[in-house]
Amino acid sequence: MVNENRILTLANLTGKIALQSGAETYRVEDIISRICKHYGLNAQCFVSITCIITSVRNYKGELFSSVERVASRTTNLNKVHSINQLVRDLKKYSFEEFYSAVIAIDKEIPYNKFIYFLAYSFGAFFFALLFRGGIRDAISAFIGGGIIFLISDFANRLQTNTFFLNTLGGFFCTLFSYLSVKVGFTETVSYSTIGTIMLLVPGIALTNAIRDLVAGDLLSGMSRAVEAFLVGAALASGTGFALFIILKLGEI
């Protein structure tokens, strides 16, 4: 018989990994409930974007509780899929095998930094083309995307908040687009700036906010919506500050 505290700790850890990787609130609650139910525990779970609180009751009526703080979140839909599939195949694993599989997913590093660098750069490149920019605008956005990756990587190593990262990203991508115009490589700052900024737009956060609100998870939905709004405000602040400096210098 597996100890109730171990089951509860494993369930919350699994839910935390999913939440940190971009899973919706209802999906995290479902993951935790499925694990607890499989081991004969009746679970009551509350999930917000910063915290997971779960209490379980065993067949004797004894109550156990656990709280997991979620300090940071990113987007890794492959991890969400892997966790989701693992939980649905729970009957195939012993407790120790399941625990090892969860830890393996948590430690998984899908790509190295060079691949991320290329993804950022080509993402900005094609966004610029999507918004009807020319090939030169796309090349400028390509370089801007690489700059955004370097800023993002540096900010992650410093463990800074998302608002600071997006403000810096908006500022530097606008400044670089202007320099591209200044040297005569492109004709306007618009296309390359938009293409680069799209890398930082909180699309998944906003989508999850709507999904949580529709599912009835009002607290998490509103929290995600506010988070998306703050990211947008940070981008606007960084971009606006760069344009303000340029205008004040009388360059455009």
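Heavy-atom basis, side chains included; hydrogens, waters and symmetry copies ignored. Just so you know, these numbers come straight off a predicted model, no measurement behind them.
The minimum heavy-atom distance linking V56 with L8 is given by the pair CG1-CD1, 3.9 Å. Smallest separation of non-hydrogen atoms from A138 and F125: O-CD1, 3.2 Å. The two residues C173 and T196 come nearest to each other via the heavy atoms CB-CG2, 3.4 Å. The two residues Y99 and L13 come nearest to each other via the heavy atoms CE1-CD2, 4.3 Å.
Heavy atoms from other residues, nucleotides or ligands lying under 6.0 Å from CZ of F64 number more than 12. By the 6.0 Å contact criterion, CZ on F122 is open, its count of non-hydrogen atoms from other residues, nucleotides or ligands being 12 or less. Counting non-hydrogen atoms of other residues, nucleotides and ligands closer than 6.0 Å to CD of E108 gives a total above 12. Within 6.0 Å of CZ in R73 there are more than 12 heavy atoms belonging to other residues, nucleotides or ligands. Counting non-hydrogen atoms of other residues, nucleotides and ligands closer than 6.0 Å to CZ of F164 gives a total of 12 or fewer.
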Chi angles and distances behind the side-chain hydrogen bond (donor to acceptor under 3.5 Å, both in side chains) call for D212, S220 = CA-CA 7 Å; D212 283 343; S220 292; 4.9 Å; no
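Checked against ring-ring contact (aromatic ring centres under 6.0 Å, His included), F126 has no partners two or more places apart in sequence or in another chain. In this structure, R57 has no salt bridge (charged side-chain N to carboxylate O under 4.0 Å, His left out) partners at least two apart in sequence or on a different chain.
A distance of 7.5 Å separates CD1 in I35 from CD1 in I83, rounded to the nearest 0.5 Å. In this structure, the separation between CG on L200 and OH on Y120 is 7.0 Å, given to the nearest 0.5 Å.
The pair R88-D30 meets the salt-bridge criterion, since a charged nitrogen lies less than 4.0 angstrom from a carboxylate oxygen.
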